[in-house]
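What follows is a short report on a single structure.
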Amino acid sequence: MSLSQHAQQICDILATLYPQAHCELEFSTPFQLLIATILSAQSTDAQVNKLTRRLFAKYPTVEAMAELSVEELEEQIKGVGLFRNKAKHIAATCQLLLSEYGGEVPKTREELMQLPGVGRKTANVVLANAFGIPAFAVDTHVLRVSKRLGLAQGSTPDQVEAEITALLPAGQWIDAHHRLIWHGRRICHARNPRCGECPLAPHCPSAKTEGEEHDE
DNA sequence: AACTCGGGGCA
DNA sequence: TGCCCAGAGTT
């Protein structure tokens with residue numbers, strides 16, 4: 001079986017496992033998704049949503065949020081991890097959106113990554129979920145699960161993104177991203193993957209039987 | 001490549 | 001309690 005056939009088989013099973021997999025951040029505009037995604041780094045979506053419900057009620061637009069100083073922003077987002085870095089980045093990003101992009105969220109990866117606090121993963125999440133532009137975001141779950149399933153061999157997120165996007169049709173990137181994450185959170189855990197109850201195990205080169213441990 | 005930020009989740 | 005994260009920036 002070719003690699004692309006193997007990949008398609010994995011994706012088909014993931015689709016039946018997680019037919020409703022989606023971005024769990026709450027937002028109503030591209031700007032709000034951008035902010036929520038910056039806030040979500042190393043944090044849970046539930047925590048971010050709890051916080052953004054307050055934040056977006058008071059400051060729903062870039063114009064409103066740009067009025068806040070870094071200190072005021074810190075106060076607003078206190079409670080999420082890394083909040084000092086994120087407050088600084090969000091303040092700078094709001095200013096840049098107004099001065100360079102007419103208050104709109106840019107729609108290219110290169111422009112998005114110019115924004116403070118926006119890296120490779122955040123840029124792709126915004127492209128995919130705010131604009132429906134095909135993009136495959138690689139975070140630690142996607143990196144780990146893709147490698148275990150034999151969909152990629154690279155060790156860096158950039159390498160894995162290149163491998164997957166070459167392997168799958170662009171129309172599948174967004175769903176594949178969410179399904180790999182959901183699988184990583186529910187079954188394919190970093191430490192103790194539950195291979196015994198994983199429907200992908202028969203097709204997984206890394207599947208372990210009960211008792212064995214993963215090395216990675 | 002390694003380090004830092006930081007509260008939450010999970011064993 | 002201790003360890004690790006649905007990352008990005010700096011050194």
Side-chain angles (χ1 to χ4, degrees), chain A residues 14 17-18 20-27 32-55 70-71 73-97 105-106 109-130 135-149 152 154-161 164 173-194 196 210-211 213-216:
Chain A
L14 284 171
L17 273 179
Y18 313 108
Q20 77 293 13
H22 60 275
C23 175
E24 300 190 280
L25 293 171
E26 297 172 3
F27 65 97
Q32 291 184 1
L33 177 62
L34 174 64
I35 299 304
T37 309
I38 292 174
L39 288 173
S40 76
Q42 302 293 101
S43 305
T44 64
D45 287 353
Q47 194 67 17
V48 171
N49 288 336
K50 194 169 76 176
L51 199 143
T52 54
R53 282 196 281 268
R54 288 195 289 112
L55 182 67
V70 174
E71 292 72 22
L73 216 33
E74 283 185 6
E75 194 59 33
Q76 290 296 320
I77 69 172
K78 195 180 332 180
V80 73
L82 315 180
F83 72 98
R84 274 182 266 269
N85 288 340
K86 291 171 182 175
K88 187 167 51 175
H89 291 150
I90 289 171
T93 284
C94 287
Q95 299 307 322
L96 207 52
L97 286 177
V105 177
R109 175 190 177 115
E110 290 69 29
E111 290 173 310
L112 283 165
M113 287 184 65
Q114 300 280 344
L115 302 171
V118 179
R120 177 202 76 255
K121 183 254 182 181
T122 300
N124 280 2
V125 166
V126 170
L127 289 176
N129 298 292
F136 186 81
V138 179
D139 52 40
T140 55
H141 283 309
V142 174
L143 184 67
R144 176 183 74 255
V145 177
S146 299
K147 289 184 66 173
R148 283 184 180 162
L149 288 171
S155 54
T156 71
D158 281 324
Q159 291 170 337
V160 170
E161 181 181 340
I164 303 278
W173 294 347
I174 297 175
D175 286 337
H177 161 73
H178 291 123
R179 287 166 183 159
L180 287 168
I181 288 175
W182 281 37
H183 191 61
R185 293 216 51 89
R186 286 159 182 74
I187 295 179
C188 197
H189 299 167
R191 303 256 196 2
N192 298 107
R194 304 159 73 172
E210 195 171 352
E213 300 249 337
H214 265 276
D215 331 294
E216 314 174 47

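What you see is a predicted model; the values in this text were computed from it and never measured. Convention: sequence-line order gives letters A, B, ...; per-chain numbering from 1.
As rounded to whole Å, 12 Å separates atom P of C:dT11 from atom CG of A:N85. If you measure from atom CG of A:L82 to atom C1' of C:dC5, you get 10 Å, rounded to the nearest angstrom. Rounded to whole Å, the distance from NZ on A:K50 to C1' on B:dG9 is 13 Å. Look at NZ on A:K88: it is 15 Å from C1' on C:dG7, rounded to the nearest Å. Here the C1' atom of nucleotide C:dA6 and the CD1 atom of A:I38 are 15 Å apart, to the nearest Å. Nucleotide C:dA6 holds its P atom 14 Å from the OH atom of A:Y18, rounded to whole Å. Rounded to whole Å, atom P of C:dA6 lies 3 Å from atom NE2 of A:H141. Remark: P of C:dC5 and CG of A:N192 are 13 Å apart, rounded to the nearest angstrom.
Between A:D139 and A:L115, the residue anchored nearer the 5' end of DNA chain C, judged by the nucleotide with its closest heavy atom, is A:D139. Take the nearest nucleotide of DNA chain B for A:Q47 and for A:T156: the residue whose nucleotide is more 5' is A:T156. Toward the 5′ end of DNA chain B lies the nearest nucleotide of A:R84, the other residue of the pair A:A46 and A:R84 mapping further downstream.
Across all strands shown, A:P116 has heavy atoms under 4.0 Å from sugar-phosphate atoms exclusively, and none from any base. Among the heavy atoms of the strands, none lies under 4.0 Å from A:I77. Counting non-hydrogen atoms under 4.0 angstrom, A:G79 reaches the backbone sugars and phosphates but no base.
One distance of note links CD of A:Q76 with OG1 of A:T52; it measures 12.0 Å at 0.5 Å rounding. Distance check, rounded to the nearest 0.5 Å: CD1 of A:I38 to CG of A:L82 gives 12.5 Å.
For A:F83, taking side-chain heavy atoms from C-beta onward, the closest of the listed nucleotides C:dG7, B:dG7, C:dA6 is B:dG7. In this structure, of C:dG9, C:dA6, C:dG7, it is C:dG9 that holds the atom nearest to the side chain of A:H89.
Nucleotides B:dG7 and C:dT10 are separated by 22 Å at their C1' atoms, to the nearest Å. Remark: the separation of the C1' atoms in C:dG9 and B:dG8 is 23 Å, to the nearest Å. Comparing B:dG6 with C:dT11, their P atoms sit 16 Å apart, to the nearest whole Å. The separation of C:dC5 from B:dC3, taken at their P atoms, amounts to 15 Å, rounded to a whole angstrom. Comparing the C1' positions of C:dA6 and B:dA1 gives an interatomic distance of 23 Å, to the nearest angstrom.
The aromatic ring centroids of A:W182 and A:H141 lie 6.0 Å or more from each other. Separation of the A:Y18 and A:H178 ring centroids does not fall under the 6.0 Å cut-off.
A sub-4.0 Å separation between OP1 or OP2 of C:dA6 and a side-chain N or O of A:S43 is absent. Contact annotation: A:S40 side-chain N/O to C:dG7 OP1/OP2 distance is not under 4.0 Å.
Shortest non-hydrogen contact noted between A:A135 and A:A128 is O-CB, 4.1 Å.
Screening A:I164, A:L180, A:T156, A:L143 for a side-chain contact (heavy atoms from CB on, under 4.5 Å) involving A:V138 leaves a single residue, A:L143.
Salt bridge A:R109/A:D158: present, at least one basic N to carboxylate O contact under 4.0 Å.
Proximity of a side-chain donor or acceptor of A:K88 to a complementary backbone N or O of A:G117 within less than 3.5 Å is not detected. Side-chain atoms of A:K147 never come within 3.5 Å of backbone atoms of A:V160 as a donor-acceptor pair (strictly under, hydrogens ignored).
Side-chain N/O atoms of A:Q42 and base N/O atoms of C:dA8 include no donor-acceptor pair closer than 3.5 Å.
Against DNA chain B, the stretch residues 117-125 of chain A makes no heavy-atom approach under 4.0 Å.
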